[in-house]
Amino acid sequence: MLKKDLKAIDRKYIWHPFTQMQDWMKEEPLIIEEGKGAWVKDIDGKWYIDGVSSLWVNVHGHRKTAVDNAIKKQIDKISHSTFLGLSNVPATLLAKKIIKLAPKGLTKVFYSDSGSEGVEIALKMAFQYWQQRGRDARRETGDAKKTKFMTLVNAYHGDTVGAVSVGGIDLFHKIYKPLLFRSIKAPTPYCYRCPFKFEMRDARREMKNEKCEMRCLKEVEKLMKRHHKQIAAMIVEPLVQAAAGLLVYPKGYLKGIRKLCTKYNILMIVDEVAVGFGRTGKMFACEHEEVRPDLMVIAKGLTGGYLPVAATLATDRIFNAFLGEHDSKRTFYHGHTYTGNPLGCAAAIASIDVFKGEKTLQALRPKIKLLEMKLRKFKELKHVGDVRQCGFIAGIELVKDKRTKREYLMSDKLGIKVIMEARKRGLIIRPLSDVIVIMPPLSISMVDLSRMLDIIYHSVRKVTEVPA
Ligand SMILES: *Cc1c(COP(=O)(O)O)cnc(C)c1O
């Protein structure tokens with residue numbers, strides 16, 4: 001197959017996700033053929049740093065021998081067998097490993113294939129839990145009326161209709177509104193984009209964050225007080241709202257939400273899809289504030305970025321509400337054809353073992369420091385409005401006017417221009433609107449990380465500081 005044929009075929013037959021295809025069809029598609037460590041190579045033989053971890057999934061690099069071998073070994077046994085009414089070896093072993101790593105109290109693993117599905121499952125489990133508990137109680141507890149969800153402004157939990165219903169990013173979600181169930185939206189403490197206008201002046205924002213966090217929690221509590229009889233669960237992305245543009249909560253906010261959920265008898269669903277598996281410097285973001293959720297969703301990094309496996313973890317309290325005689329109809333009637341896929345689970349086991357074997361989290365510490373240090377320089381740039389970091393995740397927000405934080409127009413396509421400039425220089429990244437996202441594999445070397453940040457720095461300058 002000729003390279004130019006491949007490009008033509010792509011343009012002719014493929015519809016890419018989250019991509020304006022009119023733009024895509026005007027340009028040469030970049031087609032990846034190979035990867036090694038933190039690098040990927042296109043069909044023209046050019047190598048790039050994979051600065052987006054193949055969309056936030058890759059952990060130990062591409063072609064990691066231990067993970068490669070685990071999958072090959074599993075292929076020689078069996079590639080798939082159903083998990084409905086049967087079990088398999090890797091899925092069983094993996095479940096034990098996950099529970100050992102997860103926050104205390106989570107005891108059961110329900111598999112699926114993507115973060116969105118994992119979220120749908122958590123929502124359905126929480127919903128059904130209260131229905132069945134209510135049935136049991138037979139008193140006027142009102143549990144069965146708990147049919148609503150509480151979510152945060154700017155939240156992103158996936159693209160399926162249920163996940164979109166608890167999402168809060170207008171750009172992605174607004175058009176589907178007639179299809180969605182209504183959820184109760186609570187404010188986040190990220191003042192800069194605070195829709196409740198608890199806003200602070202930018203320069204003093206960090207100082208006042210703590211105060212703001214309290215105000216936000218108060219607002220959450222007000223809503224809970226009013227609606228708790230109807231609220232089945234609250235869903236949150238722990239520590240940082242990723243797809244919203246890497247909006248980091250101040251310390252204590254997540255823990256505050258946990259306390260309020262407990263106080264008002266609302267289940268807490270934590271969506272660790274983006275931040276799980278080391279991204280924040282700990283295995284799970286919840287650990288930073290010793291939060292124990294009732295339900296937890298993991299996906300992206302679970303298989304080290306190899307195969308689509310997700311899981312929803314639940315407590316005994318929830319699991320037990322689904323037990324009963326066959327005809328009690330308490331079964332959780334949900335499952336996907338590829339649930340518990342043995343190849344994916346074998347990859348996940350190998351990836352988790354690498355964390356321990358290579359002390360991945362320990363090795364990450366100096367890289368987080370380096371990232372922090374190199375980010376400082378960005379703050380001085382004329383069109384950088386904000387720089388946010390949470391462990392090994394960072395976002396650089398580009399603005400038209402640094403003082404007023406006025407944003408660029410969507411038609412300016414600033415984020416896209418910057419990443420295309422970076423691409424010329426050998427780096428693949430992907431923006432969230434005008435936020436440049438830094439999310440390389442945890443295994444990236446100090447040298448490559450440094451190089452990545454230099455490329456971004458020069459690309460931002462080149463694109464934003466040229467005379468118009
Ligand atoms: C990516 C993401 C999802 C959706 O996961 P998919 O595997 O893309 O369906 C859900 N929640 C968060 C926080 C995410 O970052």
Side-chain angles (χ1 to χ4, degrees), residues 16-19 52-59 110-126 149 151-169 171-173 176 180 183 188 190 233-249 254 257 268-280 284-286 288 291 293 295-313 334 336 338-339 341 344 347-348 351 388 390-395 429-433 435 437-440:
H16 285 271
F18 277 99
T19 302
V52 63
S53 293
S54 297
L55 224 96
W56 313 359
V57 295
N58 195 283
V59 178
F110 193 100
Y111 288 114
S112 58
D113 317 330
S114 72
S116 306
E117 289 167 17
V119 166
E120 298 283 338
I121 289 162
L123 298 175
K124 284 174 75 176
M125 278 179 177
F149 293 92
T151 178
L152 293 176
V153 171
N154 296 324
Y156 177 82
H157 297 292
D159 300 328
T160 50
V161 172
V164 169
S165 296
V166 290
I169 300 181
L171 176 65
F172 305 157
H173 301 152
Y176 304 108
L180 310 178
S183 52
T188 64
Y190 202 80
M234 173 158 188
I235 181 164
V236 289
E237 295 164 83
L239 291 202
V240 42
Q241 292 190 304
L246 303 170
L247 306 182
V248 184
Y249 312 144
L254 188 69
I257 294 284
M268 183 187 195
I269 304 172
V270 160
D271 178 352
E272 287 260 3
V273 172
V275 291
F277 297 96
R279 287 278 161 204
T280 65
F284 297 112
C286 279
H288 289 273
V291 162
L295 289 155
M296 180 165 123
V297 186
I298 51 177
K300 288 191 172 100
L302 172 55
T303 64
Y306 269 67
L307 286 157
V309 177
T312 305
L313 317 183
H334 187 115
H336 300 280
Y338 280 97
T339 291
N341 177 257
S351 174
R388 302 183 278 269
C390 177
F392 208 44
I393 302 172
I429 43 176
R430 197 181 153 80
L432 290 159
S433 298
V435 178
V437 180
I438 297 171
M439 185 93 75

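Whatever order the structure lists them in is the order used to number ligands and atoms, beginning at 1.
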(Q) One pair to check against side chain to side chain contact (heavy atoms under 4.5 Å, CB included): F18 and L55. What are the steps and the verdict? (A) CA-CA 12 Å; F18 277 99; L55 224 96; over 6 Å; no

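When side chains are defined from C-beta on, E237 does not count as touching V273, because their heavy atoms never get closer than 4.5 Å. The side-chain heavy atoms of V291 and M268, taken from C-beta on, include a pair separated by under 4.5 Å.
For F284, the ring pair (Phe, Tyr, Trp, His ring centres under 6.0 Å) partners are F277, not counting sequence neighbours.
For ligand 1, the 4.0 Å heavy-atom shell contains residues W56, S114, G115, S116, Y156, H157, G158, E237, D271, V273, A274, K300.
With V270 as the fixed residue, the side-chain contact (heavy atoms from CB on, under 4.5 Å) test singles out one of V236, L295, V275: V236.
Side chains of D113 and H336: a donor-acceptor N/O pair is absent below 3.5 angstrom, by distance only.
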